[in-house]
Peer 1: 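Quick one: structure below, then a few questions.
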Amino acid sequence: ILTPGQLFISCSEPFDADEYIERLAWRTPGGGSKGGAEAFDPKRLLEEFENHIEELKHLDEKIQRRVEKLEHQCHREAKEFAHKVQDLQRSNQIKEAADIIQKLHLIAQELPFDRFADVKAKIASKYHDLERQLIQEFTAAQRRGEIGRMQEVAAVLLHFKGYAHCVDVYIKQCQEGAYMRSDVFEDTALLCQRVNKQVGEVFQSPETVMAKLIQNIFENKLQAHVKEKLDETRRSDVEQYLKNLYDLYTRTTALASKLTEFNLGSDKHTFLSKLIKNIFSTYLESYIEMEKDYLRTRSAMILQRYYDSKNHQKRPQGGGSIQELKERIRQRTNLPLGPSIDTHGETFLSQEVVVNLLQETRHAFERCNRLSDPSDLPKNAFSIFLLLVEHLCMDHIDYALEIGLSAIPSADAKNANLYFLDVVQQANTIFHLFDKQFNDHLMPLISSSPKLTECLHKKKEVIEQMEVKLDTGIDRTLNCMVGQMKHILATEQKKTDFRPEDENNVMIQCTAACSKVCVYVSRQVERVRKSMDGKNVDTVLTELGVRFHRLIHEHLQQYSYSSMGGMLAICDVAEYRKSAKDFRVPLVLQLFDTLHALCNLLVVAPDNLKQVCSGEQLTNLDRNLLHAFVQLRVDYRQARLGRHFS
């Protein structure tokens, strides 16, 4: 049994209702009129007709819907086509009208005004009306995103005076909705990337339009943003103002660097530089003075906060009172002009203060490098360096050295606490940090300018000034150390140590005075090693070792020695020699080796004196020195030992 659709499809001839019914009856089992394999069945045929009629109704509805859909589509396409035709016609009329009015406008310029004033006015009116219509059409096309239409209108307007206004309208509209986030620089970069792809399709001179867009953004959006950020902090918070200025200038130059990838004309670098200068010129003119004022105020505050935390009233330097004059003389000499001040072990040097001062100066150098005109950079950097010298080197380090010198006790003071070596240690660490900043942050800014010589001279001057005070303080500290050793020897060493009453009942060992001196010396050597670095350690220890040797040499010459006492003196010198090894200075050890050999003269048999004096360690010494040591023997006169030196 076939469906109505299949019956229609099988019909290649025009539709005939009688034939269609006959074909349906013939194809239905038991429905044929001439009989067949099955007997005629009227009920079955009726049922088939009824079903077929329903199917025909459904098919009719389906076809009707399809027809309506096709008719609707046809109407819509016809309407759209009509619109396109109208647009094309209107477009052509615009082009034609524009061409005509443009020519008329040019001709009207040549006509005399008195005779053709009315005509000239009508042409001008029509010219401006058409120009306004074209700009309106361009604006509408831009809002619809119709690039082709924008290109057509822009091409027509190119010969009109209002072409520049068309570009202005385009620039204004393309910025609408572009600044929705808080980052104006990122928004600008994205906007320019988007517009750069479009202007080449719309305008015949895209580089001019891009340049005008960027100029508009810089002179309006960016300038307003910079002004808002800087003006709100310029008076109220100088630190934040300088940070904002640095950040805004850095981000603006970074944006300009990105924009150089676009075609902006022949000299885009100069063009962008001028735009940046126009925004920041008023701020950059006063930058370095504000930087110096801030750095000066901030550094003074950091220092004052530190001294306040120590409950210390800073002493004025360079005064003219008699007391201060006496103090300066006492600092630089060993004259006893009154007691030293007591700092209670405080060095008045703070690494935290130093780090803060260096950090503020480093930020200043970074801003100076970014915000200074290249021709002013070395001069500006040098002025910042002078402030660092003033506050770090003079107001902090030099002041601490002055206080440290004032706290050094006199050489004859007992149980003196020698804090100056702590000052030396901290000053040394601080100066390394100062030197690092000089090399890392200042040198790159001045290395190729005449200011380099001036900076190096100033640095050398500061170093030498501090080295004088360090040397003075170290010298006086060494004097105190030797004074303390002298005090130990004076109070602990007895004459009977080297002339025992019972020479047969003496333990051969170093004396108590020697032991205490050696303990003290070892402690001081360790302090020197912790306080100094590099060659300074050897230099100071050499000086201390020489003074230590001189003290012991002179001390031993104050006594007379029995045979057993001479043995005890040799034990003492051997112990001193052990301490001398801690110095790790060959000269000091050699001095004590020689002293040890000299002490052998106190115990050697009289007949062997000449041989011992000619030995390797003593042969080059002055004969008077050898004689002086021999004279210390108690048997010098009895044994007539002087004849060996006559």
Side-chain angles (χ1 to χ4, degrees), residues 183-185 188 214-257 269-304 356-392 394-395 437-438 441-452 454-455 458:
D183 193 335
V184 66
F185 298 98
T188 297
I214 290 171
Q215 182 177 354
N216 181 273
I217 293 172
F218 270 68
E219 292 177 351
N220 294 282
K221 199 71 179 178
L222 291 185
Q223 186 151 9
H225 177 72
V226 168
K227 188 175 188 304
E228 178 188 3
K229 287 289 185 183
L230 295 180
D231 287 359
E232 66 184 7
T233 57
R234 190 167 191 172
R235 302 297 179 193
S236 60
D237 189 345
V238 178
E239 179 182 11
Q240 192 59 49
Y241 168 80
L242 291 171
K243 288 180 179 178
N244 288 348
L245 178 59
Y246 175 80
D247 179 65
L248 290 167
Y249 190 81
T250 299
R251 298 201 68 190
T252 304
T253 53
L255 173 63
S257 180
H269 294 284
T270 303
F271 168 70
L272 290 168
S273 296
K274 286 182 178 178
L275 293 179
I276 295 173
K277 185 177 180 181
N278 289 339
I279 293 177
F280 289 97
S281 59
T282 56
Y283 303 106
L284 296 182
E285 286 172 2
S286 60
Y287 155 69
I288 192 60
E289 291 305 319
M290 294 191 73
E291 183 73 81
K292 290 193 295 184
D293 288 344
Y294 166 73
L295 190 59
R296 189 180 292 109
T297 303
R298 177 68 176 166
S299 299
M301 186 194 74
I302 291 171
L303 289 170
Q304 190 58 50
N356 287 338
L357 290 175
L358 290 175
Q359 186 175 11
E360 292 292 345
T361 310
R362 177 172 61 83
H363 291 325
F365 280 136
E366 289 172 353
R367 289 191 289 262
C368 176
N369 186 29
R370 175 70 68 183
L371 301 174
S372 294
D373 186 272
S375 61
D376 294 331
L377 177 57
K379 176 185 67 176
N380 292 348
F382 181 64
S383 65
I384 292 173
F385 171 67
L386 290 180
L387 288 174
L388 178 63
V389 169
E390 176 186 345
H391 293 100
L392 175 62
M394 306 312 299
D395 291 349
Q437 182 162 99
F438 183 92
H441 297 283
L442 177 60
M443 283 295 287
L445 309 185
I446 61 169
S447 58
S448 58
S449 80
K451 281 291 179 184
L452 174 61
E454 200 171 345
C455 280
K458 184 63 178 178

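In this chain, numbering begins with 1 at the start of the sequence shown. Atom set for the values below is all heavy atoms of this structure, side chains included, hydrogens, waters and symmetry mates excluded.
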Peer 1: A side-chain contact here means heavy atoms from C-beta on lying under 4.5 Å apart; do Val226 and Lys229 qualify?
Peer 2: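 Side-chain contact under 4.5 Å: no.
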Peer 1: With rounding to the nearest 0.5 Å, note down the distance linking CG in Leu388 to CG in Leu357.
Peer 2: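 With rounding to 0.5 Å, CG (Leu388) is 7.5 Å from CG (Leu357).
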Peer 1: Would you say that Leu377 contacts Cys368 through its side chain, given a criterion of any heavy-atom pair below 4.5 Å between the two side chains?
Peer 2: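 Heavy-atom side-chain distance check passes, below 4.5 Å.
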Peer 1: Is any side-chain N of the basic residue among Arg251 and Asp183 closer than 4.0 Å to the acidic one's carboxylate O?
Peer 2: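 Looking at Arg251 and Asp183, the cut-off is met.
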Peer 1: What's the verdict on side chain to side chain contact (heavy atoms under 4.5 Å, CB included) for Leu222 and Val184, showing C-alpha distance, side-chain angles and the deciding distance?
Peer 2: CA-CA 7 Å; Leu222 291 185; Val184 66; 4.0 Å; yes
Peer 1: With a 4.0 Å cut-off, would you call Arg370 and Glu366 a salt bridge?
Peer 2: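 Answer for the salt bridge query: no.
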Peer 1: Please lay out, stage by stage, how Thr297 and Met301 fare under the test side chain to side chain contact (heavy atoms under 4.5 Å, CB included).
Peer 2: CA-CA 6 Å; Thr297 303; Met301 186 194 74; 5.6 Å; no
Peer 1: Do Leu358 and Leu392 make a side-chain contact, defined as non-hydrogen atoms from C-beta onward lying under 4.5 Å apart?
Peer 2: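 A side-chain contact under 4.5 Å exists here.
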Peer 1: Counting C-beta onward and ignoring hydrogens, is there a side-chain heavy-atom pair between Asp376 and Asp373 closer than 4.5 Å?
Peer 2: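 When only atoms from C-beta onward are counted, Asp373 and Asp376 do touch, with a gap below 4.5 Å.
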Peer 1: Check His363, Glu289, Glu360 against Tyr294 for a side chain to side chain donor-acceptor pair (under 3.5 Å) and give me the one that passes.
Peer 2: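 Result: among His363, Glu289, Glu360, Glu360 is the only option passing the side chain to side chain donor-acceptor pair (under 3.5 Å) with Tyr294.
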Peer 1: Suppose we screen for side chain to side chain donor-acceptor pair (under 3.5 Å). Which residues come up paired with Glu232, at least two apart in sequence or across chains?
Peer 2: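 Once residues adjacent in sequence are excluded, Glu232 has no partner under the side chain to side chain donor-acceptor pair (under 3.5 Å) criterion.
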Peer 1: Show the numbers, then the answer: is there a salt bridge (Lys or Arg N to Asp or Glu O under 4.0 Å) between Glu239 and Lys243?
Peer 2: CA-CA 6 Å; Glu239 179 182 11; Lys243 288 180 179 178; 3.4 Å; yes
Peer 1: Is any side-chain heavy atom of Phe382 less than 4.5 Å from a side-chain heavy atom of Ser449?
Peer 2: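 Counting from C-beta outward, Phe382 and Ser449 never come under 4.5 Å.
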Peer 1: Could you tell me the separation between the NZ atom of Lys451 and the OG atom of Ser383, rounded to the nearest 0.5 Å?
Peer 2: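 Atom-to-atom, Lys451:NZ and Ser383:OG are 8.5 Å apart.
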Peer 1: Tell me which pairs pass ring-ring contact (aromatic ring centres under 6.0 Å, His included) where either residue lies in residues 220-254, with sequence neighbours left out.
Peer 2: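 Pairs touching residues 220-254 that pass the test: Phe185-His225, Tyr249-Phe280.
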Peer 1: Output all residues satisfying side chain to side chain contact (heavy atoms under 4.5 Å, CB included) with Lys227, sequence neighbours left out; order by chain, then residue number.
Peer 2: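 Expected list: Asp231, Tyr283.
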Peer 1: Examine the side chains of Glu219 and Gln215 and answer whether a donor and an acceptor come within less than 3.5 Å of each other.
Peer 2: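 Judged by distance alone, the side chains do pair up.
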Peer 1: For the residue pair Tyr287 and Leu242, establish whether any side-chain heavy-atom pair is separated by less than 4.5 Å.
Peer 2: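 Tyr287 reaches Leu242 side chain to side chain.
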Peer 1: Can you tell me how far CD of Glu454 sits from CG of Leu386, rounded to the nearest 0.5 angstrom?
Peer 2: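 The distance works out to 7.5 Å.
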Peer 1: Indicate, with yes or no, if the rings of Phe365 and Phe385 have centres closer together than 6.0 Å.
Peer 2: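 For Phe365 and Phe385, the ring centres are not under 6.0 Å apart.
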Peer 1: In Å, rounded to the nearest 0.5 Å, how long is the span from CG of Leu303 to CG of Asp395?
Peer 2: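 Nearest 0.5 Å value for the CG-CG distance: 6.0 Å.
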Peer 1: Testing Asn369, Asn380, Leu452, Ile384 for side chain to side chain contact (heavy atoms under 4.5 Å, CB included) with Leu445, which one passes?
Peer 2: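 For Leu445, the side chain to side chain contact (heavy atoms under 4.5 Å, CB included) check succeeds only for Asn369.
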Peer 1: Check the pair Arg234, Ser286 against side-chain hydrogen bond (donor to acceptor under 3.5 Å, both in side chains), reporting the backbone distance first and the verdict last.
Peer 2: CA-CA 11 Å; Arg234 190 167 191 172; Ser286 60; 2.9 Å; yes
